[in-house]
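Read through the structure below, which is laid out as structure tokens, and then see the notes.
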Amino acid sequence: MFEIIIIAFLLLLAIFLVLLEIFLLPGITVAGIGGAIFAAGGLFYAYSVDVTTGTIALISSLVVFGIAFLWLMRSNSFHRVALKTDVDSKLTSTRELDIQPGDEGVTLSRLAPIGKARIKDHVVEAKAIGELIDEDSRIVVVRVDGYNVLVKTCEQGNE
């Protein structure tokens, strides 16, 4: 009786670790390796007790694993932790925002050399030319290249 408890514990722990590996931990981790070791140890111990006990342990552990796997696949338990690949945002071109060279604005973060700036009431990613620009500095747009807004401080822009 005590052998059956040990075998059941080892196999249930192996099933738990393998399912943890499949559903939560990507790649080959300690959980997957540990699950394989516990499964092999449990089955080895079951077959060392008796061939019938080993066969029953093997078949029952496969059935329990299959049921748990199918239940986890159909349940919505992992939707909260699963990686979502749908991106519903879009990248707006600075040309669509009508930002032109000569427009002035203010930095919202330090441009070292890239940061956020407010130009024409739009928050854009701006790139400093030549030097780092501190937060809350007045800037002027030097050039607009696609999605890049190249800026200088107003003092540099007026030289």
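Counting begins at 1 with the first residue of the sequence. On a predicted model such as this, the values are computed, not experimentally measured, just so you know.
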hydrophobic_cluster_shared for F9 and F2, side chain cutoff 4.5 Å
yes
If you draw a 6.0 Å radius around OH in Y47, do more than 12 non-hydrogen atoms from other residues or ligands fall strictly inside?
yes
Is I114 close to E125 at the side-chain level, that is, under 4.5 Å between some pair of heavy atoms?
yes
Residues forming a side-chain contact (heavy atoms from CB on, under 4.5 Å) with L108, sequence neighbours excluded:
K116, R118, V123
Test side-chain contact (heavy atoms from CB on, under 4.5 Å) applied to E135 - qualifying residues, sequence neighbours left out
none
Check for me, please, whether L111 and L132 land in the same ILVMFWY cluster - side-chain distances under 4.5 Å, paths through other members count.
no
Of the non-hydrogen atoms in A14 and A39, which two are nearest, and what is the gap between them?
CB-N, 3.4 Å
Shared hydrophobic cluster, I139 / V106 (ILVMFWY, side-chain heavy atoms < 4.5 Å)
no
Using a 3.5 Å cut-off and no angle test, enumerate the donor-acceptor pairs between side-chain atoms of residues 54-62 and protein atoms at least two apart in sequence or in another chain.
| from | atom 1 | to | atom 2 | distance (Å) |
| --- | --- | --- | --- | --- |
| T55 | OG1 | V51 | O | 2.9 |
| S60 | OG | I56 | O | 2.8 |
| S60 | OG | A57 | O | 3.2 |
| S61 | OG | A57 | O | 2.9 |
| S61 | OG | L58 | O | 2.9 |

Side-chain heavy atoms under 4.5 angstrom apart, residues restricted to Ile, Leu, Val, Met, Phe, Trp, Tyr: same cluster for I67 and L19?
no
Consider only side-chain heavy atoms of I, L, V, M, F, W and Y, link residues closer than 4.5 Å, and tell whether I4 and L43 are in one cluster.
no
Identify the heavy atoms of D134 and R110 that sit nearest to each other, and give their distance.
OD1-NE, 3.4 Å
Distance check, rounded to the nearest 0.5 Å: L10 atom CG versus F44 atom CZ?
12.5 Å
Is the backbone of D136 close enough, under 3.5 Å, to the side chain of T107 for a donor and an acceptor to pair up by distance?
yes
Which donor-acceptor pairs under 3.5 Å do the side chains of residues 26-38 make with protein atoms, sequence neighbours left out?
| from | atom 1 | to | atom 2 | distance (Å) |
| --- | --- | --- | --- | --- |
| T29 | OG1 | E21 | OE1 | 2.4 |
| T29 | OG1 | A31 | N | 3.4 |

Any V140 side-chain heavy atom under 4.5 Å of D103 side chain:
no
Checking L150 now: which residues fulfil side-chain contact (heavy atoms from CB on, under 4.5 Å) with it, not counting sequence neighbours?
K127, I129, R143, D145
CG of L12 to CG of L17: how many Å apart, nearest 0.5 Å?
11.0 Å
Once you round to the nearest 0.5 Å, how far does CD of E104 lie from NZ of K120?
12.0 Å
Side chain to side chain, V151 and V149, heavy atoms closer than 4.5 Å
yes
How close do T153 and E131 get, counting heavy atoms only, and between which atoms?
OG1-OE2, 4.3 Å
Going by side chain to side chain donor-acceptor pair (under 3.5 Å), name the pairs with one or both residues in residues 35-46, residues two or more places apart or in two chains.
none
Rounded at 0.5 Å granularity, tell me how far CG in L72 sits from CG in L20.
10.5 Å
